[in-house]
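Predicted model, so just to flag it, every value in this text is computed and none were measured.
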Amino acid sequence: MTQTDLTPPTAPAGSGGAAVETNGPAPRDLARRPYDPRLSNEDLDPLPEQSWSTYNIFAFWMSDVHSVGGYVTAGTLFALGLTGWQVFVALIVGIVIVQYFCNLVAKPSQRAAVPYPVVSRASFGVLGANIPAIIRGLIAVAWYGVQTFLAAGSLTIVLLKLFPGLTDYATDSYSFLGLSLLGYVSFAILWVAQALVFWRGMEAIRRFIDFCGPAVYVAMFALCAYMLVRADFDISFSLSDKSLTGTQQVTAMLGAIALVVSYFSGPMLNFGDFARYGKSFESVKKGNFWGLPVNFVVFSLLVVLTASATVPVFGELITDPVHTVEKVDTYTAVLLGGLTFVIATVGINIVANFISPAFDFSNVAPQRISWRMGGMIAAVGSVLLTPWNWYSNPDAIFWTLGLLGALIGPLFGILIADYYLVRNQTIVVDDLYTLEQDGSYFYSGGYNPAAVLSVVAAGLVSIASVVVPKLSGHAAWLPDYSWFLGCALGFAIYVVSASVFEVATRSGVSKETAAA
């Protein structure tokens with residue numbers, strides 16, 4: 001008997017038929033059990049058709065990578081004391097790690113055609129899956145507001161360039177609750193624009209991200225070429241005034257690699273929300289290959305070259321592309337460059353911080369919260385946080401996103417351990433949607449004690465790795481590795497606790513099925 005990735009039943013609903021091997025989800029009308037409305041709606045149920053190609057996944061990653069945040073993250077690695085080539089190597093190694101983990105998290109969602117919070121029901125239980133869903137959803141709400149605010153800053157630059165008379169409205173004289181009147185206008189324009197794209201559904205979002213990634217590439221190539229010409233191609237890749245020893249260079253590069261992985265940890269955890277649309281797992285893997293290491297090599301090269309050129313051109317290192325464009329004295333360059341980076345930020349905001357909480361919040365109450373309503377909850381919540389005040393307060397970010405972000409590693413480790421080790425890549429799709437006690441993922445009242453124990457234990461250690469250095473002033477390097485620490489502990493603790501709680505047996509997955 002060959003190994004199977006899914007074992008959804010194919011007998012008529014309510015017949016109690018046996019499971020069979022399949023390469024995709026069972027048709028809804030052939031489900032063994034009726035789906036419980038408390039766990040099911042049109043957006044969370046298995047897709048009837050998976051149509052995304054390799055290019056669509058590639059374009060998704062282009063939208064995710066080609067952002068102001070990604071550019072700044074790459075640029076700030078110079079502050080660690082690394083040379084240009086060391087920054088480049090760290091970026092590539094980090095993104096290869098991200099690619100590997102994205103392939104791991106993509107497989108169960110693509111094969112089952114379900115989003116991340118539904119896949120999490122296998123490890124956390126049909127009700128316990130709300131734990132990771134809410135954690136990830138709250139993180140996305142906060143970052144949605146921040147990214148919208150950052151994009152609004154780029155739009156404000158463009159508006160001031162077009163209409164210099166608006167300058168007074170961008171000052172404190174016309175401000176309310178910490179933001180200028182023009183700032184509110186820019187924020188509102190982008191908030192509404194993102195909501196309109198989202199509201200039109202996944203097909204409209206797919207078309208939007210198919211456009212965003214290539215569009216930003218055109219602007220980045222143009223900006224890079226312009227800066228190199230201005231610098232007469234005389235640039236240096238030694239952009240730091242720090243002099244590091246060999247050991248310090250290795251340590252700094254490891255920290256840079258960890259920073260790259262941490263930057264992508266949120267989209268990486270929820271990548272199943274997009275992998276579910278892939279035509280096949282092979283097409284998803286190919287899309288990941290072109291969208292991550294290949295695409296990131298080109299993106300990183302552009303970042304390193306452009307950032308390096310700012311030193312001879314402007315007399316200082318500038319790692320923010322918006323500020324680089326702002327300093328360019330060409331009207332057209334500022335206009336097109338500013339608008340392009342606005343589009344880039346909108347693209348990543350929709351795919352990383354709008355779609356994911358839409359699924360996450362919908363998972364909490366499927367009949368009351370649709371996918372669209374879940375997304376709008378995130379959008380409204382992002383405004384209530386007043387991100388323009390919150391983002392400028394490092395302590396506020398640390399004690400909210402810093403602590404919540406420390407839990408992403410454990411959640412990832414638990415998901416991977418459950419699917420690949422405990423269940424041997426087997427999911428009973430219909431049982432993800434039932435509250436019947438004999439369901440594979442009902443466990444104890446809908447919660448898997450092994451997963452709850454694992455996220456608490458690993459989460460406490462992961463949070464401590466972030467909090468202790470901040471409060472004590474020692475081991476300042478430790479927070480850079482909190483994702484890796486949390487992931488490894490979540491993985492290890494779950495494997496042990498799953499054996500103790502006999503997860504595979506209690507969940508209804510027989511030894512024969514698990515070994516098939």
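Distance alone, capped at 3.5 Å, is enough to place a donor-acceptor pair between the Ser265 side chain and the Ser262 backbone. A donor-acceptor pair is defined here as one N or O able to donate and one able to accept, closer than 3.5 Å; such a pair exists between the side chain of Arg372 and the backbone of Trp199. Proximity of a side-chain donor or acceptor of Asn103 to a complementary backbone N or O of Asn288 within less than 3.5 Å is not detected. Side-chain atoms of Ser482 come within 3.5 Å of backbone N or O of Pro479 as a donor-acceptor pair. In terms of modelled atom types and a separation under 3.5 Å, the side chain of Ser356 and the main chain of Asn353 share no donor-acceptor contact. No side-chain donor-acceptor contact under 3.5 Å links Ser180 to the backbone of Asp172. Side-chain N or O atoms of Gln86 include none that pairs as donor or acceptor with a backbone N or O of Met253 at under 3.5 Å. Of the possible polar contacts, none joining the Tyr419 side chain to the Val119 backbone as a donor-acceptor pair under 3.5 Å is found. The backbone N or O of Ala406 lies less than 3.5 Å from a partner atom in the side chain of Ser462, making a donor-acceptor pair. The backbone N or O of Val383 lies less than 3.5 Å from no partner atom in the side chain of Tyr144, so there is not a single donor-acceptor pair.
One finds the CD1 atom of Ile134 at 12.5 Å from the CD1 atom of Ile139 (value rounded to the nearest 0.5 Å). Interatomic distance, Arg230 CZ to Phe314 CZ, rounded to the nearest 0.5 Å: 5.5 Å. Atoms CG and OG1, from Leu159 and Thr167 in turn, are 11.0 Å apart once rounded to the nearest 0.5 Å. The CZ atom of Phe299 sits 4.5 Å away from the CE atom of Met220 when rounded to the nearest 0.5 Å. Put simply, CZ on Phe354 and CE on Met376 are 5.0 Å apart, with the number rounded to the nearest 0.5 Å. Here Leu259 contributes atom CG and Trp483 contributes atom CH2; the two are 13.5 Å apart, rounded to the nearest 0.5 Å.
Under 3.5 Å, the side chains of Thr310 and Thr324 contain no donor-acceptor pair of N or O atoms. For the residue pair Asn363 / Tyr116, no side-chain donor-acceptor distance below 3.5 Å is found, with atom types taken as modelled. The closest side-chain donor-acceptor pair between Asn349 and Gln194 falls under 3.5 angstrom. Under 3.5 Å, the side chains of Asn56 and Ser53 contain a donor-acceptor pair of N or O atoms.
A heavy-atom distance below 4.5 Å is found between the side chains of Ile463 and Leu407. Side-chain contact between Tyr481 and Leu485: absent, with no pair of heavy atoms (C-beta onward) separated by less than 4.5 Å. Inter-residue side-chain proximity for Trp191 and Val380 is flagged as met; some heavy-atom pair is nearer than 4.5 Å. In this structure, the side chains of Leu160 and Leu182 come closer than 4.5 Å at one or more pairs of heavy atoms. The shortest distance between side-chain heavy atoms of Pro410 and Leu489 does not fall below 4.5 Å. Using a 4.5 Å heavy-atom cutoff, the side chains of Leu228 and Cys224 are in contact. The closest side-chain heavy-atom distance from Met202 to Ile355 is below 4.5 Å. In this structure, the side chains of Met62 and Val216 stay at 4.5 Å or more apart for every pair of heavy atoms.
Minimum heavy-atom separation, Cys212 to Gly347: SG-CA, 4.3 Å. Of all non-hydrogen atoms in Ser283 and Ser280, the two that sit nearest each other are OG-O, 2.7 Å. Taking every heavy atom of both residues into account, Val105 and Ile416 meet most closely at N-CD1, 4.0 Å. Nearest heavy-atom pair, Met268 versus Cys102, reported as atom, atom and distance to 0.1 Å: CG-SG, 3.6 Å. Contact between Val284 and Ala106 at its shortest, heavy atoms only, is CG1-CB, 3.9 Å. Of all heavy-atom pairs between Arg200 and Arg207, the closest is NH2-NH2, 4.3 Å.
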For this session: Test side chain to side chain contact (heavy atoms under 4.5 Å, CB included) on Phe359 and Leu44 and set out the steps.
Result: CA-CA 7 Å; Phe359 284 122; Leu44 297 176; 4.1 Å; yes

For this session: Please assess Lys285 against Ile57 for the test side chain to side chain contact (heavy atoms under 4.5 Å, CB included), listing each intermediate value before the final yes or no.
Result: CA-CA 9 Å; Lys285 287 200 299 183; Ile57 299 296; over 6 Å; no

For this session: Take Val297 and Ile92 through the side chain to side chain contact (heavy atoms under 4.5 Å, CB included) test and state the conclusion after the steps.
Result: CA-CA 6 Å; Val297 164; Ile92 302 310; 3.3 Å; yes

For this session: Using the side chain to side chain contact (heavy atoms under 4.5 Å, CB included) rule, take Ile95 and Phe264 through it: C-alpha gap first, then chi angles, then the decisive distance, then the call.
Result: CA-CA 9 Å; Ile95 208 66; Phe264 286 99; 3.5 Å; yes

Exercise. For Ser186 and Thr156, what are the C-alpha separation, side-chain angles and deciding distance, and is it a side chain to side chain donor-acceptor pair (under 3.5 Å)?
Worked result: CA-CA 6 Å; Ser186 298; Thr156 296; 2.9 Å; yes

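Under the 30°/60° scheme for interplanar angles, the aromatic rings of Tyr55 and Phe58 are found to stand perpendicular. Using a 30° and 60° split on the angle between ring planes, Phe176 and Tyr184 fall in the tilted class, from 30° to 60°. Classification of the Phe271-Phe60 ring pair by plane angle, with boundaries at 30° and 60°, yields tilted. Using bins of under 30°, 30° to 60° and over 60° for the plane-to-plane angle, the ring pair Tyr174/Tyr169 lands in the tilted bin. A tilted orientation is assigned to the rings of Tyr217 and Phe221, their planes being inclined by 30° to 60°.
For the side-chain contact (heavy atoms from CB on, under 4.5 Å) test with Val197, the passing option among Val346, Ile209, Ile205, Val192 is Ile205; the others fail.
Aromatic rings of Trp61 and Phe274 (six-membered ring for Trp) have centroids beyond the 6.0 Å cut-off, not under it. Proximity of the aromatic rings of Trp371 and Phe198 is defined here by a centroid distance below 6.0 angstrom, and this criterion is met.
Atom CD of Glu42 has 12 or fewer neighbouring heavy atoms from other residues, nucleotides or ligands inside a 6.0 Å radius. No more than 12 heavy atoms of other residues, nucleotides or ligands shown are found within 6.0 angstrom of CZ on Phe211. Counting heavy atoms of neighbouring residues, nucleotides and ligands inside a 6.0 Å radius, atom OH of Tyr100 does not exceed 12 of them.
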